Amino acid sequence: MDKIDRIKELIDILNKASRAYYAEDVEIMSNFEYDKLYDELVALEAETGTVFNNSPTQNVGYEVVSELPKEKHPSPMLSLDKTKEVDALVSWLGDKEGLLSWKMDGLTVVLTYEGGVLTKAVTRGNGEIGEVITPNARTFVNLPGAIAYKGKMTIRGEAIITYSDFEKINNAITDADAKYKNPRNLCSGSVRQLSSQITAERHVRFYAFSMVDPEDSSLIDSFENSFEKRFEYLKKLGFETVEYERVIGLTLPDAIERFSAKIPQNDFPTDGLVLSYDDIAYGRSLGTTAKFPRNAIAFKWRDEEAETVLREIEWSPSRTGLINPVAIFDTVELEGTDVSRASLHNISYIKDMKLGIGDRIKVYKANMIIPQISENLTKSGSFSLPADCPACGGSVEVRNENDTETLICLNPQCPAKNIKHFSLFVSRNAMNIDGMSEATMEKFIGEGLLHGLSDIYHLKEHKDVIINMEGFGEKSYVNLTDAIEASRKADMAAFLYGLGIPGFGVANAKLVVRAFKSDIEAIMNATEEEMVEIDQVGDVLAHDFVAYFHDEGKLAEVRKLLNEIDFVIEENTSEQDLEGMTFVITGSLETYPNRDALKKEIEDRGGKVAGSVSAKTTCLINNDINSGSSKNKKAKSLGIPIITEEMFINKQF
């Protein structure tokens with residue numbers, strides 16, 4: 001391939017990566033890979049003198065795709081030139097003073113304040129045109145709603161989501177496929193929501209990194225031509241700024257080391273540092289290139305690499321049927337931690353790297369966090385695909401979509417595909433096995449430890465495998481097995497719910513248990529006629545319930561489970577004074593700790609709890625009787641009494 005063709009190829013690859021990153025919030029290649037290809041393109045353009053109009057060296061970002069209103073920036077927001085060499089930074093700064101600050105990894109936002117209040121917020125977009133997200137910006141948790149300065153002021157900064165908030169949000173999502181990949185993707189999607197309520201729920205934060213000249217010339221004079229003075233003024237107004245340090249050429253290397261040492265403890269994502277001239281006038285006098293301003297430059301840490309040996313390619317099945325390859329190599333230390341695994345993405349990636357067992361490889365941590373393979377020194381290309389699925393032993397198939405080869409499990413009953421079945425069984429309202437997340441179960445399935453639900457109670461037999469799994473250790477293993485042992489004392493209704501019988505939630509399961517007087521054998525041998533006699537169980541539910549226990553495979557699994565657990569039968573001594581009554585609960589409670597506690601009492605006393613008000617409702621329980629809620633309105637329109645918690649306790653209904 002000649003140099004011009006290589007330039008065209010690089011432009012196509014890099015533009016696809018930019019489109020995915022900026023417009024779709026998807027990362028299809030690491031920063032390390034992007035930078036390597038970008039530097040190659042820059043060198044080839046300089047060597048050949050040929051620069052195409054669609055080259056990423058000429059364009060800034062990628063066109064935004066959104067239903068949000070769009071607005072052109074008064075002046076283009078150029079990206080920064082970058083280097084990985086400390087000496088290059090020192091040379092760039094020369095004899096000037098500068099400010100070294102974090103380059104946060106979120107979404108750049110431009111704020112405009114007028115009359116002391118926020119009037120406009122626009123994303124960077126493609127550098128020329130951004131999206132108007134003013135209502136969303138007003139929900140940023142650390143952004144001042146009003147400031148002392150009453151003139152027009154424009155501030156640029158980065159919207160981010162902290163690692164701790166990111167973890168909380170992801171932990172609340174039970175579907176592993178729905179979890180967010182990283183804080184930047186979550187932040188970008190959160191800031192660009194059409195509903196500001198969703199943005200508010202994500203705890204987005206804003207950190208200012210520059211101020212455009214305000215209207216007031218006397219205020220500009222007070223800044224004394226200093227970038228640092230502007231930061232200090234923003235802090236006085238109540239803004240949080242990026243952390244920075246004043247430097248000269250002599251102190252710059254040590255300052256970079258200090259920033260580097262903070263990365264493991266930082267609660268926010270970064271992808272480098274920014275060095276700016278403190279002398280604003282001098283920086284502006286340097287002008288700009290077609291792509292970069294000359295008053296600042298970005299620094300990206302040179303990724304620490306280590307050489308090691310590839311020992312195994314582990315194939316990990318997922319719920320989608322995709323079998324993901326993971327490299328297992330001799331442990332090396334990177335950025336202060338031991339690393340022995342790295343994702344290989346797909347078959348095409350393995351082929352491109354020409355990987356084989358025993359190859360000498362170089363590994364690094366992308367952005368000092370995510371282990372990746374940077375180079376294969378041996379390039380044996382001797383890897384082999386598994387003949388069957390590691391989770392179920394079923395047939396596998398190589399598929400090619402968009403020039404990317406992946407390995408797929410063809411068995412529709414593969415336990416990896418039925419992760420929801422396992423997830424329901426261990427959930428809080430079922431067997432309540434804490435620590436058994438979907439991600440954890442996927443790992444166990446991939447290792448061949450879980451085939452059926454009863455295997456959960458035999459995980460102790462695989463201690464050595466589990467404590468050596470990524471993200472696990474002795475403490476995690478003990479916590480998990482303790483939770484499994486505790487679940488052996490089970491509530492029968494919770495157990496039935498956890499089996500995933502179609503249409504049977506906890507409430508219906510309780511009705512069944514009550515109707516058959518907690519006799520599990522009678523429940524398993526129930527007929528459709530017996531089931532339809534239970535209130536709220538119709539023909540369809542009855543058929544599905546009976547069919548479940550007539551399925552030989554399902555029945556065999558239930559029998560195995562019954563050998564592992566003991567039901568705790570709580571004798572109900574409550575007076576059945578609410579039999580035939582249906583209640584709806586809404587609003588906050590004062591006497592009962594939560595709605596579940598009140599619901600339990602109603603059901604123990606023979607009553608039922610529904611989720612919505614209907615003609616069959618006996619009473620709506622709401623401590624705010626006069627509220628204008630939709631449930632209150634519906635109850636009033638149907639002539640249904642609205643009672644407080646106290647009235648319920650005193651039987652005033």
Side-chain angles (χ1 to χ4, degrees), residues 1-65 76-85 88 103 105 124-128 181 184-185 271-272 288-294 297-303 305 342-355 361-367 370 372-377 379 381 400-406:
M1 181 183 298
D2 66 24
K3 293 175 182 177
I4 299 298
D5 286 339
R6 178 58 176 165
I7 287 175
K8 291 178 179 179
E9 182 181 50
L10 288 170
I11 289 172
D12 184 55
I13 294 170
L14 293 170
N15 281 345
K16 282 181 180 177
S18 292
R19 182 184 304 117
Y21 188 78
Y22 287 107
E24 301 164 13
D25 296 327
V26 176
E27 194 168 341
I28 62 175
M29 69 169 60
S30 68
N31 286 343
F32 182 94
E33 294 170 299
Y34 186 93
D35 291 345
K36 186 176 180 181
L37 296 178
Y38 186 94
D39 291 344
E40 182 186 352
L41 176 60
V42 170
L44 283 173
E45 288 179 343
E47 182 181 349
T48 62
T50 302
V51 181
F52 293 96
N53 287 333
N54 65 338
S55 171
T57 64
Q58 301 303 301
N59 298 329
V60 182
Y62 197 82
E63 189 65 35
V64 295
V65 181
M77 295 186 64
L78 303 176
S79 57
L80 296 177
D81 198 0
K82 61 182 180 295
T83 181
K84 293 184 178 181
E85 304 291 341
K103 186 174 184 290
D105 193 17
R124 178 184 181 276
N126 67 354
E128 296 281 346
K181 186 176 180 181
R184 184 203 173 273
N185 285 9
D271 57 0
T288 67
T289 67
K291 183 174 174 65
F292 308 118
R294 291 195 173 100
I297 187 171
F299 172 76
K300 301 188 78 173
W301 280 274
R302 183 171 292 281
D303 299 294
E305 287 185 307
S343 172
L344 294 176
H345 308 296
N346 50 57
I347 297 172
S348 297
Y349 180 88
I350 297 173
K351 287 182 176 179
D352 290 344
M353 295 291 287
K354 296 183 173 63
L355 289 172
I361 58 176
K362 285 186 175 181
V363 295
Y364 73 103
K365 275 190 175 181
N367 288 334
I370 304 168
Q372 300 279 347
I373 295 177
S374 57
E375 188 177 357
N376 181 8
L377 303 174
K379 297 183 178 179
N400 191 320
E401 295 182 9
N402 300 320
D403 297 324
T404 299
E405 288 185 322
T406 55

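As the structure is a prediction and not an experimental result, all values here were calculated from the model. Sequence positions, counted from 1, serve as the residue numbers for this chain.
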Qualifying residues under side chain to side chain contact (heavy atoms under 4.5 Å, CB included), relative to Glu9, sequence neighbours excluded: Met1, Arg6, Ile13
With Ser343 via side chain to side chain contact (heavy atoms under 4.5 Å, CB included) - residues at least two apart: His345
By side chain to side chain donor-acceptor pair (under 3.5 Å) - contacts of Lys3 (at least two apart): Glu47
Residues forming a side chain to side chain contact (heavy atoms under 4.5 Å, CB included) with Glu305, sequence neighbours excluded: Phe32, Lys362, Tyr364, Ser374
Steps toward side-chain contact (heavy atoms from CB on, under 4.5 Å) verdict (Leu80, Ile297): CA-CA 6 Å; Leu80 296 177; Ile297 187 171; 6.0 Å; no
Minimum heavy-atom distance between Ser79 and Pro293, given as atom pair plus value: O-CD, 3.1 Å
Student check: side-chain heavy atoms of Thr289 and Leu78 closer than 4.5 Å: no
By salt bridge (Lys or Arg N to Asp or Glu O under 4.0 Å) - contacts of Glu85 (at least two apart): Arg302
Results of side chain to side chain donor-acceptor pair (under 3.5 Å) for Lys351 - residues two or more places apart only: Glu405
Residues in side chain to side chain donor-acceptor pair (under 3.5 Å) contact with Asn376, at least two apart in sequence or another chain: Asp359
Residues that Thr83 engages under side chain to side chain donor-acceptor pair (under 3.5 Å), provided they are two or more places apart: none
Residue pair Leu355 / Leu344: nearest heavy atoms and the distance that separates them: CD1-CD2, 3.7 Å
Side chain to side chain contact (heavy atoms under 4.5 Å, CB included) partners of Lys82, counting only residues at least two apart: Asp35, Tyr38, Ala298, Lys300
Listed partners of Asp12 passing salt bridge (Lys or Arg N to Asp or Glu O under 4.0 Å), at least two apart: Lys16
